[in-house]
Amino acid sequence: MRSIIATLAALAAVAAASGTRAQTPPEGLVWMALNEINAEYFDRDDPTNRPPLATRVPDDMLRPVDVSPDGRTDWIVDFAAARSSRFCGTGGCARILYVSGGDTGFLRAFDAQALAFEVVERSGETRVEAMVHHLSCRPGRPECWYAWAWDPALGRLVERPARDGATRLEDGGFDPIDRMQADIPDSLPAELSRAWFGGRRTCRAPADDGIEILRPGFQSIPDVNGDGGRDWIETPAACPEDEAEAAGFRLWTTTPGGGLAEAYASEADLYPSVDIATVPATVLVNPPCGHGEACPDTPLRLDGRTGRFALSR
């Protein structure tokens, strides 16, 4: 009996050790986390005026999760664990989700500030849920939640109804990757990249005689024309001083040839929302009264002959 117990104990120890090894964060994530923490105090003029270098990642900063159905561990980098204001703001703390990508290593699936960030099982699938700044939602929701599920074919998170049942994506939704302007051209289809370069505006900066360059914004949205491809919303650049030229938005949809074409251009002061309660999703147009509960919506209707959208009357 003692021999059997000893054998079982040894097997349990081996299994526990194996499990620990399986959950060891990849070396690159450890390096990245330590580099971000140590960079907070870096001063090229006085590099020795700093606290001791961090050599250990804070507890719970690197957490294993299972988002993609490939049997490999995915990882959350939770900068809230660093306990530093450098990584946090009114929209919460920075969170990054890396999803295993087969031979490509890991894919960055989420990289933005969030007040809360969870991986949960809901409606029979694994979902990523983030509570974000209330300005990203319509007034009246006590907490602003967005949800996504991993799409292996697209290699990205795709939108799902929020935990409170909301299906409306204000301004096209909350982008799970908060891309800096410099990263935008490389991440856009060719048609939108041309629009990005061609749509710049030179505006007066707050400083006297100063100028700043503004560029259009782009948001990838679920399929709205029924061909199965993801579509896009463009918010043209508009200078703050040009109130009379307030920008509206443009809708770009996929074409049979695999490209993109402008399918709708709104008048000034109109704002888009996307409702994923329908398949394909529905684009809703908000008038200048804003995003309040009493502000009426007008859905866009697709003209099958032309492939363009128009306001439903």
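Count residues from 1 along the sequence.
- Relative orientation of the Trp148 and Phe174 rings is tilted, given thresholds of 30° and 60° on the angle between their planes.
- Salt bridge Arg95/Asp178: absent, no basic N to carboxylate O contact under 4.0 Å.
- For the residue pair Asp43/Asn49, the side-chain donor-acceptor check at 3.5 Å is not satisfied.
- Electrostatic pairing of Arg156 and Asp151 does not count as a salt bridge here, judged by no charged N lying under 4.0 Å from a carboxylate O.
- A salt bridge links Arg122 with Glu129; the closest basic N to acidic carboxylate O contact falls under 4.0 Å.
- Shown here for Leu251 and Leu300, the closest heavy-atom pair between the two residues is CD2-CD1, 4.1 Å.
- Using a 4.0 Å cut-off between charged nitrogen and carboxylate oxygen, Arg168 and Asp171 do not count as a salt-bridge pair.
- Formation of a donor-acceptor pair under 3.5 Å by the Ser312 side chain with backbone atoms of Pro299 is found in this model.
- Using a 4.0 Å cut-off between charged side-chain N and carboxylate O, Asp164 and Arg141 make a salt bridge.
- Put simply, CD1 on Ile96 and CG on Leu62 are 10.0 Å apart, with the number rounded to the nearest 0.5 Å.
- Although no hydrogens or angles enter the test, the distance criterion places no donor-acceptor pair under 3.5 Å between the side chain of Asn35 and the main chain of Trp31.
- Side-chain rings of Phe309 and Tyr264 stay apart, their centers remaining 6.0 Å or farther from each other.
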### Task
Let me see the working for Asp303 and Arg308 under salt bridge (Lys or Arg N to Asp or Glu O under 4.0 Å), right down to the final yes or no.
CA-CA 6 Å; Asp303 184 333; Arg308 293 187 61 84; over 6 Å; no
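- Side chains of Glu234 and Trp252: a donor on one and an acceptor on the other come within 3.5 Å.
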### Task
With salt bridge (Lys or Arg N to Asp or Glu O under 4.0 Å) as the test, would you mind laying out the steps for Arg127 and Glu118 before giving the verdict?
CA-CA 8 Å; Arg127 291 188 180 177; Glu118 300 176 6; over 6 Å; no
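- The pair Arg250-Glu262 meets the salt-bridge criterion, since a charged nitrogen lies less than 4.0 angstrom from a carboxylate oxygen.
- A donor-acceptor pair under 3.5 Å links the side-chain atoms of Asn225 to the main chain of Thr254, judged by distance alone.
- Judged by the 6.0 Å and 45° rule, Arg163 forms a cation-pi pair with Trp145.
- Thr73 is not listed as a side-chain neighbour of Asp66, based on a closest heavy-atom distance of 4.5 Å or more.
- Judged by distance alone, the side chain of Asp111 and the main-chain N or O of Pro176 form no donor-acceptor pair under 3.5 Å.
- A donor-acceptor contact shorter than 3.5 Å is absent between the side chain of Asp74 and the backbone of Val99.
- Ser220 and Arg230 are linked by a side-chain donor-acceptor pair at a separation below 3.5 angstrom, with hydrogens and angles left out of the test.
- Here the CZ-SG distance, from Phe87 to Cys93, works out to 10.0 Å after rounding to the nearest 0.5 Å.
- Under the 6.0 Å cut-off for aromatic ring centres, Tyr98 and Phe110 do not qualify, their centroids lying 6.0 Å or more apart.
- With hydrogens and angles ignored, the 3.5 Å screen pairs no side-chain donor or acceptor of Thr255 with any backbone N or O of Ala261.
- The minimum heavy-atom distance between Gln23 and Pro64, with the atom names listed, is OE1-CB, 2.8 Å.
- Of the possible polar contacts, none joining the Arg160 side chain to the Tyr146 backbone as a donor-acceptor pair under 3.5 Å is found.
- Distance check, rounded to the nearest 0.5 Å: OG of Ser273 to CZ of Phe249 gives 9.0 Å.
- For Ala130 against Ala114, the heavy-atom pair with the smallest separation is CB-CB, 4.2 Å.
- Around atom CZ of Arg83, no more than 12 heavy atoms belonging to other residues, nucleotides or ligands sit under 6.0 Å away.
- Using modelled atom types, no side-chain atom of Asp275 and backbone atom of Thr282 make a donor-acceptor pair closer than 3.5 Å.
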